[in-house]
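Counting starts at 1 for both ligands and their atoms, in listed order. If you're wondering where the values come from, they're calculated on a predicted model, not measured in any experiment. Scope of the values below: all heavy atoms of this structure, side chains included, with no hydrogens, waters or symmetry mates.
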Amino acid sequence: MTDADSQRTRVVVLISGTGSNLQALINAQQAGELPIELVAVISNRPEAKGLKRAERAGIPTCVVDHTQFDGRESFDQALQRKIDAYQPDLIVLAGFMRILTEAFTRHYEGRMLNIHPSLLPKYQGLNTHERALQAGDEEHGVTIHFVTAELDGGPIALQARVPVLPDDDATSLAQRVLVQEHRIYPLAVKWFAEGRLRMVDGRVLLNSEPLGPSGYPIDTHTS
Ligand code: GRF
């Protein structure tokens, strides 16, 4: 291991499915844009496509299959043991579709990020694109937040907004949001790895300055 390796932020990514956000992180890391080491990808579903993406990139993978556990507590404990074996500095939830116990979220407080496809606090939970369309919203988007015990409720780090267009259906809107997801997740991970993005006393600091409740607004038109 070189000195540069030992200084890199160790990142474990948790997935449940396609893993396109994982791929965005792999691409940015391979392009030399992220001072991180992707030390493991863990899925709760054995068939998750993202596992193949990790294997192709030479990242160790493992599965902690939630269907093999009696309840949330025992699953989260097993998952925590797996994660901690990699001694990560940061845990990145990238399409990880599990509700986490309070003990688990507390263990990783300040070092676990999640991406959620809505402008939180709007539309916590599932079917965010359908709900934005049903509500007649003119704007929709994506949020990166630190994870706390409240589902999709932790302090917000970054948001990117997209317009809702007249002909949109949930698929086209999801696609427009996903483009932004792939831009802002690597950026959030970069800022965390550089020590610029932190959660302190339940607030998010960027470059030591507290952010407002909507986090740092990413300009989707010019950057
Ligand atoms: C993304 O919209 C993510 O925000 C959500 O799940 C979707 C799938 O992401 N929570 P991915 O392709 O598995 O990264």
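Proximity annotation for atom 13 (O) of ligand 1: of Gly19, Gly95, Gly17, Gly19 comes nearest, heavy atoms only.
The protein heavy atom nearest to atom 14 (O) of ligand 1 is Asn21 N, 2.8 Å. Shortest contact from atom 12 (O) of ligand 1 to any protein heavy atom: Ser20 OG, 2.5 Å.
Against a heavy-atom cut-off of under 4.0 Å, Ile115 is close to the following atoms of ligand 1: 4 (O), 10 (N). Within ligand 1, counting atoms from 1 as listed, the ones closer than 4.0 Å to a heavy atom of Glu181 are 1 (C), 2 (O), 3 (C), 4 (O).
Classification of Arg8 and Asp89 as a salt-bridged pair fails, no side-chain N sitting under 4.0 Å from a carboxylate O. For Arg131 and Asp137, the salt-bridge test fails: no basic side-chain N is under 4.0 Å from an acidic carboxylate O.
Within a 4.0 Å radius of atom 1 (C) of ligand 1, the protein contributes one or more non-hydrogen atoms.
Hydrophobic clustering of Ile, Leu, Val, Met, Phe, Trp and Tyr side chains at less than 4.5 Å, counting indirect connections, unites Tyr185 with Leu158.
Ring orientation note: the planes of His140 and His129 are nearly perpendicular, at an angle over 60° on the 30°/60° scale.
A donor-acceptor contact closer than 3.5 angstrom is absent between the side chains of His107 and Asp76.
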